[in-house]
Participant: 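After the structure tokens below, expect a handful of questions from me.
Quick note: residue numbers are just sequence positions, from 1. Just follow the structure's listing: the first ligand is 1, and inside any ligand the first atom is 1. Fair warning: this is a prediction, and the values are worked out from it, not measured in the lab.
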Amino acid sequence: MTSDEIRSRFLNFFEKRRHKIVPSSSLIPNDPSVLFTTAGMQQMKPYYTAPENALRDFGTKNTASVQKCIRTVDIDEVGDSTHLTFFEMLGNFSFGGYGKREAITLAHEFITKELGLEISYVTFYKGKGVVDRDEESKDVWALLGVRDIRADGDDVFWGPTGDSGPCGPTTEIYCKNTDGQDVEIWNVVFNQYFCEASREQLDKGNTTLKKLDVLGIDTGMGLERLAATVQNKKNVYETDLFGNEQSREERIVADHVKAALFMISDGSTPENTGRGYILRRLIRRAVRFSKQPLKQEIEKIKKIYQGVYALDDKGEIEKEENRFRETLSKGLKEFEKGTDPFILATTYGFPIELTLELAKEKGRNIDLEDFNKKIVKHQKLSQTSSAGMFKGGLANHDEKTIKLHTAHHLLLAGLQHVVDKNIKQRGSNITEERLRIDFLFDRKLTDEEKKKVEDWVNEKIKLGLNVVRKEMPLKEAEKIGAEMEFGAKYPDTVSVYFIEDKGGRAISKEFCGGPHVSNTKELGQFKIQKEEAVAKGIRRIKAVLL
Ligand code: SER
């Protein structure tokens, strides 16, 4: 069974059982407390605390998806047989549509009947503090005829994702791989609680759990591991999602280039801080372990995902590769000489992780505390001397970007007005040159539609409409139906931008921090450059102001 078939069998199985299939969200999440999308539940997070919205948005209380994910916590383990930084997560979710019994029964049916796998054993939560031992799950498994049912502790308590969120006990399904080893295949989470703080704080006992009104279901099954089991392979690299990489070096290159390719395709670029730094680190690590230029690897990965994801790194990986190769050999020589890690990082572009890795290989010690002190001092200096250093987290306020930002609001309104009033924004990215919007829509726009949208926006520009900012309580902004990014988290008081027609009626209202121009006549001529698919059900438009 190919991985493509596993994906579609999974989605069909749940679609037939009254789940709405939701496209993967971007790897770059709206939730500012996490750098990357790490789980299928991330885009579903708001529904666990407001389950009534699920019916409004999906027409059902149950959803299912194949979600692109990035997890970098285990980056040093990549190269063994199971750890990856990029993976796809198959998941079904419910916000009051069904409970534990149904969730477990569905998982059991999919694994044993649809895929014909044998369950080796399952786990359930043994209870701790206010959270009871999960007798219900145990009983359901027993009724289904599973014999090996094991009580487990913290490992089978999930969440919260990010700085707060739903969480609860889980039950996990293990199957045997071809070597006879037990592999965790599926994690079925029961969101019974909401936690106001992170998992770390929860584990430290610094926060309490609040019971959710409605039990939520959140399940996650890694496609790569599942494919290895279904396809009778020893490890994920031997499945059709990889190229049969054997050595640790080859595997690191395959994993990192894949993650980088997906990250860039979703709008990330190599930078010195935050998300962009992780991307840079992945590419540089791949360069270090690769004996040949990364081009071949990029092509190989594109081919594997052909027809499933539109992958395009726009030459970014090779650009970063060339930049880094130039300094890699110089940096290595400096490292050999014993040059200070801080100098290696700031002068030779050697990420500290690389220095640490090299040091470990050579049995050398690195004073990380000293490095951290120096780097913090350095960053403070560059922050005051050039605010641009931390651009990643700051809104870009130059004139061209501001204009494109207002055009972006007009474009979304135009799409809703001309093409379909239900179009929702799914992501955005604005540079000095162009704007980019990702939105939920399941087909290509016709040339006529594109022209009409363009005309609509240009007409609003010519009319010289006022752009007005208002602060209001979040509840009120939601009530008036201001556009918000799907899944984003907002404070109690929000800023909403209105573009008003001459009669004072809003033709566009969006949650937005700004800034914007004060009148649309400042924008000039609006032009759509490109309309394309980013993923199944998500379209992307790039547009400019002339
Ligand atoms: N959120 C859980 C996980 O990522 C189940 O989807 O494992």
Participant: Hey, could you give me the CD1/NZ distance between Ile301 and Lys258, rounded to the nearest 0.5 Å?
Facilitator: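 Those atoms lie 6.5 Å apart.
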Participant: May I ask you to decide whether Arg284 forms a salt bridge with Glu353, counting only side-chain N to carboxylate O separations under 4.0 Å?
Facilitator: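 No salt bridge links Arg284 with Glu353.
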Participant: Ignoring hydrogens, just give me the one of Glu172, Met41, Met221, Met89 whose non-hydrogen atom is nearest atom 4 (O) of ligand 1.
Facilitator: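 Checking each option, the heavy atom nearest atom 4 (O) of ligand 1 is found in Met89.
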Participant: Between Arg150 and Asp148, does any NZ, NE, NH1 or NH2 come within less than 4.0 Å of an OD or OE carboxylate oxygen?
Facilitator: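 Arg150 and Asp148: salt-bridged.
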Participant: Quick check for you: to the nearest 0.5 Å, what is the distance between Ser65 atom OG and Gln42 atom CD?
Facilitator: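 So the OG of Ser65 and the CD of Gln42 are separated by 11.5 Å.
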Participant: Which ligand 1 atoms does Ala39 reach within 4.0 Å, using its non-hydrogen atoms?
Facilitator: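 Taking each heavy atom of Ala39 in turn, ligand 1 has 4 (O) under 4.0 Å.
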Participant: What atoms in ligand 1 come closer than 4.0 Å to a heavy atom of Val189?
Facilitator: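 Result: 2 (C), 5 (C).
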Participant: Taking the non-hydrogen atoms of Arg71, is any one of them nearer than 4.0 angstrom to ligand 1?
Facilitator: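 It does; at least one heavy atom falls under 4.0 Å.
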Participant: Could you label the plane-to-plane angle of the Trp141 and His108 rings as parallel, tilted or perpendicular, counting under 30° as parallel and over 60° as perpendicular?
Facilitator: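 Judged by the thresholds at 30° and 60°, the geometry between Trp141 and His108 is perpendicular.
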Participant: Among all protein non-hydrogen atoms, which one is nearest to atom 7 (O) of ligand 1, and what is the separation to 0.1 Å?
Facilitator: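 Result for atom 7 (O) of ligand 1: Asn187 ND2, 3.1 Å.
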Participant: In the protein, which heavy atom is nearest to atom 5 (C) of ligand 1, and how far is it?
Facilitator: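 Answer for atom 5 (C) of ligand 1: Asp218 OD1, 3.1 Å.
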Participant: Kindly state each residue pair satisfying side chain to side chain donor-acceptor pair (under 3.5 Å) with at least one member in residues 220-239, sequence neighbours excluded.
Facilitator: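 As it turns out, the side chain to side chain donor-acceptor pair (under 3.5 Å) pairs with a partner in residues 220-239, which skip direct neighbours, are Gln231-Asp240.
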Participant: Which ligand 1 atoms does Gly220 reach within 4.0 Å, using its non-hydrogen atoms?
Facilitator: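 Once the distances to Gly220 are compared, the set is 5 (C), 6 (O).
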Participant: Given that the side chain starts at C-beta and the backbone is N, CA, C, O, which of these parts of Lys45 lies under 4.0 Å from ligand 1, counting heavy atoms, or is it both or neither?
Facilitator: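 Lys45 to ligand 1: no contact under 4.0 Å from either part.
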Participant: Taking distance alone, with N or O pairs closer than 3.5 Å, would you say Thr38 contacts ligand 1?
Facilitator: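 It does not: no N or O of Thr38 is found under 3.5 Å from an N or O of ligand 1.
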Participant: Is a salt bridge present between Lys300 and Glu245, judged by a nitrogen-to-oxygen distance below 4.0 Å?
Facilitator: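 Between Glu245 and Lys300 there is a salt bridge, with a charged N closer than 4.0 Å to a carboxylate O.
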